[in-house]
Amino acid sequence: MYTQALNVPESGTAVDAGDADKAARFQAIVDREDKVEPNDWMPESYRRTLVRQISQHAHSEIIGMQPEGNWITRAPSLKRKAALLAKVQDEAGHGLYLYAAAETLGVSREELYEQLLSGKAKYSSIFNYPTLTWADIGAIGWLVDGAAIMNQIPLCRCSYGPYARAMIRICKEESFHQRQGYEIMATLCGGSVKQREMAQDALNRWWWPSLMMFGPSDKDSLHSSDTMRWKIKRFSNDDLRQRFVDATVPQGRHLGLTFPDPELRFDEQAGHWQFGEIDWAEFKRVLSGDGPCNRQRMQVRRELEADGAWVREAALVYARKQTERNSAAKIAAE
Ligand code: BYC
């Protein structure tokens with residue numbers, strides 16, 4: 001397809017076509033909903049945007065293991081422990097598919113890790129909040145994975161093939177995560193007064209940070225116009241945030257919970273739940289590294305990176321020895 005038309009020198013097209021032609025043909029591919037694949041010609045800005053978004057998404061999955069990992073040893077039953085352990089392992093898997101998708105754009109995994117560890121690359125603001133009680137694990141599943149699904153289902157139709165394909169499996173797993181979170185909340189809400197209070201407290205603390213996951217308001221979003229033109233993003237930050245609120249408020253009310261927003265009300269005419277103003281100063285603070293847990297998250301990540309160094313070294317030495325052994329065997333057989 002596109003690769004054949006533009007990148008394969010024998011066709012002559014790539015050599016002859018000017019950049020403007022290539023860009024127009026690229027946009028035509030995007031507009032007719034074909035997928036762009038790794039060897040296809042793409043504008044440098046498209047490639048850079050994808051590396052930025054996919055790698056930040058991958059970092060979010062990996063850092064996102066920390067707040068939940070905090071409760072694996074303290075889960076209230078064997079069943080809950082097994083489910084949480086599986087969920088945290090799923091997040092690691094998501095991170096790895098996404099790093100692999102980013103690598104198809106010509107960036108190495110080491111570079112991406114380095115960008116995370118140096119603070120150059122962001123990860124989702126939501127993972128800079130602490131998990132204080134078991135109910136937080138329910139709230140994360142219900143709200144954080146719920147927000148993730150709302151944002152990520154449209155990414156299954158993203159114009160870049162490897163990212164779109166990775167998202168299909170990720171979304172299936174996120175749906176299961178969301179359900180297990182809601183089920184934890186439902187169990188707590190059907191329990192003792194103390195358990196209900198714990199669920200309400202978790203909702204109070206996670207509600208606003210969950211709304212911030214969708215990013216700045218449309219008027220302040222830096223990248224949306226490009227990413228929507230390129231069909232990386234299909235809906236704006238504010239549209240997705242509204243969809244999330246509309247889907248989630250009835251779920252919370254069904255559990256008998258209240259939302260920490262005095263301005264929340266259903267607008268019959270618009271058919272949407274209206275909500276109050278997000279604290280954008282807090283959002284900016286968290287993004288700039290000054291949230292409740294930013295330092296702790298990065299310190300843990302750095303320690304894990306250092307602790308794992310011997311595994312990476314051992315794997316490289318083993319791979320080198322295997323190659324040497326194979327070539328020695330080949331020479332002997334000749
Ligand atoms: N947190 O122009 P904008 C998960 C940054 S993983 C931090 O609107 P864009 C899960 C943004 O990067 C959840 N930074 O950007 C895991 C940009 O900064 P740079 C992660 C944020 O890219 C484990 C600047 O603000 N999901 O669900 O068009 C367990 C301007 O924003 C945030 C993804 O990564 C934020 N909340 O839109 C459970 C999904 N918001 O890069 C669950 C893929 C914005 O210029 N990503 N920024 O330095 C996306 O869909 C988009 O990148 C975003 C932002 C909607 C997040």
Side-chain angles (χ1 to χ4, degrees), residues 45 48-70 84 86-98 101-102 115-116 119-129 131 136-137 139-158 160 163-164 166-167 170-171 173-178 180-181 206 208-241 244 278 280 282-289 291 294 297:
S45 45
R48 268 203 315 270
T49 291
L50 279 170
V51 170
R52 178 188 64 79
Q53 178 166 329
I54 301 173
S55 64
Q56 294 192 5
H57 191 168
H59 300 327
S60 306
E61 300 281 356
I62 298 300
I63 298 284
M65 294 165 74
Q66 291 185 34
E68 292 183 288
N70 183 32
L84 182 57
K87 180 178 192 286
V88 173
Q89 284 174 346
D90 284 352
E91 313 301 1
H94 298 174
L96 297 184
Y97 314 148
L98 290 165
Q115 287 172 2
L116 170 66
K120 191 173 161 219
K122 294 187 171 75
Y123 58 87
S124 182
S125 50
I126 192 76
F127 300 117
N128 292 306
Y129 291 85
T131 41
D136 289 13
I137 299 305
I140 289 183
W142 172 38
L143 301 174
V144 175
D145 287 276
I149 293 167
M150 201 54 87
N151 166 274
Q152 293 172 20
I153 292 275
L155 291 174
C156 298
R157 292 190 294 123
C158 154
Y160 188 58
Y163 191 25
M167 290 318 301
I170 291 176
C171 284
E173 292 176 352
E174 300 288 24
S175 293
F176 172 72
H177 296 171
Q178 195 268 353
Q180 70 83 40
W206 288 92
W208 289 108
S210 298
L211 297 192
M212 294 175 195
M213 282 178 74
F214 294 92
S217 66
D218 292 351
K219 66 177 172 27
D220 293 324
S221 172
L222 300 174
H223 306 291
S224 287
S225 59
D226 280 341
T227 47
M228 289 180 73
R229 178 164 52 86
W230 289 326
K231 300 197 177 174
I232 296 172
K233 251 166 142 169
R234 298 282 175 156
F235 301 99
S236 76
N237 297 357
D238 285 336
D239 277 354
L240 290 173
R241 191 169 9 247
F244 172 71
I278 289 171
W280 293 115
E282 175 179 324
F283 177 68
K284 284 188 188 141
R285 220 169 27 248
V286 175
L287 254 60
S288 71
N294 296 58
R297 299 287 182 248

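Just so it is clear, the model here is predicted, and its values are computed rather than measured. Residue numbers count from 1 along this sequence. Atoms within a ligand are numbered from 1 in the order they appear, just like the ligands themselves.
Annotation: Lys122 places an N or O atom under 3.5 Å from an N or O atom of ligand 1; distance criterion only. Taking any N or O of Glu174, backbone or side chain, none lies under 3.5 Å from an N or O belonging to ligand 1. In terms of polar-atom proximity, defined here as any N/O pair under 3.5 Å, Glu61 makes no such contact with ligand 1. Checked by distance only, ligand 1 and His223 come closer than 3.5 Å through their nitrogen or oxygen atoms. Taking only nitrogen or oxygen atoms, main chain and side chain alike, Asn151 reaches within less than 3.5 Å of ligand 1. Ligand 1 has a nitrogen or oxygen under 3.5 angstrom from a nitrogen or oxygen of Leu222. Backbone and side-chain nitrogen or oxygen atoms of Ser60 are examined, and none is located within less than 3.5 angstrom of a nitrogen or oxygen of ligand 1. For ligand 1, one of its N or O atoms has an N or O atom of Met212 under 3.5 Å away.
Within the 3.5 Å criterion, the main-chain N or O of Ser217 finds no donor-acceptor partner in the side chain of Ser221.
In terms of protein heavy atoms, atom 32 (C) of ligand 1 is closest to Phe283 CZ, 3.8 Å. Of all protein heavy atoms, the one lying nearest to atom 41 (O) of ligand 1 is Arg52 NH1, 2.9 Å. Looking at atom 56 (C) of ligand 1, its nearest protein heavy atom turns out to be Met213 O, 4.1 Å. When only non-hydrogen protein atoms are considered, atom 27 (O) of ligand 1 lies nearest to Ala148 CB, 3.0 Å. In terms of protein heavy atoms, atom 12 (O) of ligand 1 is closest to Gln56 OE1, 3.0 Å. Among all non-hydrogen protein atoms, the one lying nearest atom 44 (C) of ligand 1 is Pro216 CD, 3.6 Å. Among all protein heavy atoms, the one lying closest to atom 25 (O) of ligand 1 is Leu287 CD2, 3.8 Å. Closest protein heavy atom to atom 35 (C) of ligand 1: Ser125 OG, 3.6 Å.
Heavy atoms of Ile140 found under 4.0 angstrom from ligand 1: none, in either backbone or side chain. Only side-chain heavy atoms of Lys233 come within less than 4.0 Å of ligand 1; its backbone N, CA, C and O stay farther off. Only the side chain of Gln53 comes within 4.0 Å of ligand 1, judged by heavy-atom distances. Residue Met65 does not touch ligand 1, judged by heavy-atom distances below 4.0 Å. Contacts with ligand 1 closer than 4.0 Å are made by backbone heavy atoms (N, CA, C, O) of Phe214 only, the side chain lying farther away. Only side-chain heavy atoms of Phe127 come within less than 4.0 Å of ligand 1; its backbone N, CA, C and O stay farther off.
His59 is not listed as a side-chain neighbour of Lys122, based on a closest heavy-atom distance of 4.5 Å or more. Residues Glu91 and Gln66 fail the side-chain proximity criterion, which asks for heavy atoms closer than 4.5 Å. Counting heavy atoms from C-beta on, the side chains of Val286 and Tyr129 come closer than 4.5 Å. Taking 4.5 Å as the limit, some side-chain heavy atom of Ser175 sits within range of a side-chain heavy atom of Ile149.
Here Asp238 does not pair with Lys219 in a salt bridge; the nearest charged N to carboxylate O distance is not below 4.0 Å.
Residue contact check for ligand 1: Tyr163 places a non-hydrogen atom closer than 4.0 Å to it.
Asn128 and Tyr123 are linked by a side-chain donor-acceptor pair at a separation below 3.5 angstrom, with hydrogens and angles left out of the test. Inspection of the His223 and Gln53 side chains reveals no N or O donor paired with an N or O acceptor under 3.5 Å.
When Leu98, Asp145, Val88, Asp90 are ranked by how near their heavy atoms come to atom 42 (C) of ligand 1, first place goes to Asp145. Here the shortest heavy-atom distance to atom 3 (P) of ligand 1, taken over Pro67, Ser221, Gly146, belongs to Ser221.
Remark: atom 29 (C) of ligand 1 lies closer than 4.0 Å to at least one protein heavy atom.
Taking the six-membered ring for Trp and thresholds of 30 and 60 degrees, His57 and Tyr163 have ring planes more than 60 degrees apart, a perpendicular arrangement.
Considering Phe283, Phe235, Phe244 in turn, Phe244 is the only one that fulfils the ring-ring contact (aromatic ring centres under 6.0 Å, His included) rule with Phe214. Partner His177 forms a side-chain hydrogen bond (donor to acceptor under 3.5 Å, both in side chains) with one of Glu174, Gln180, Glu173 and no other, that one being Glu174.
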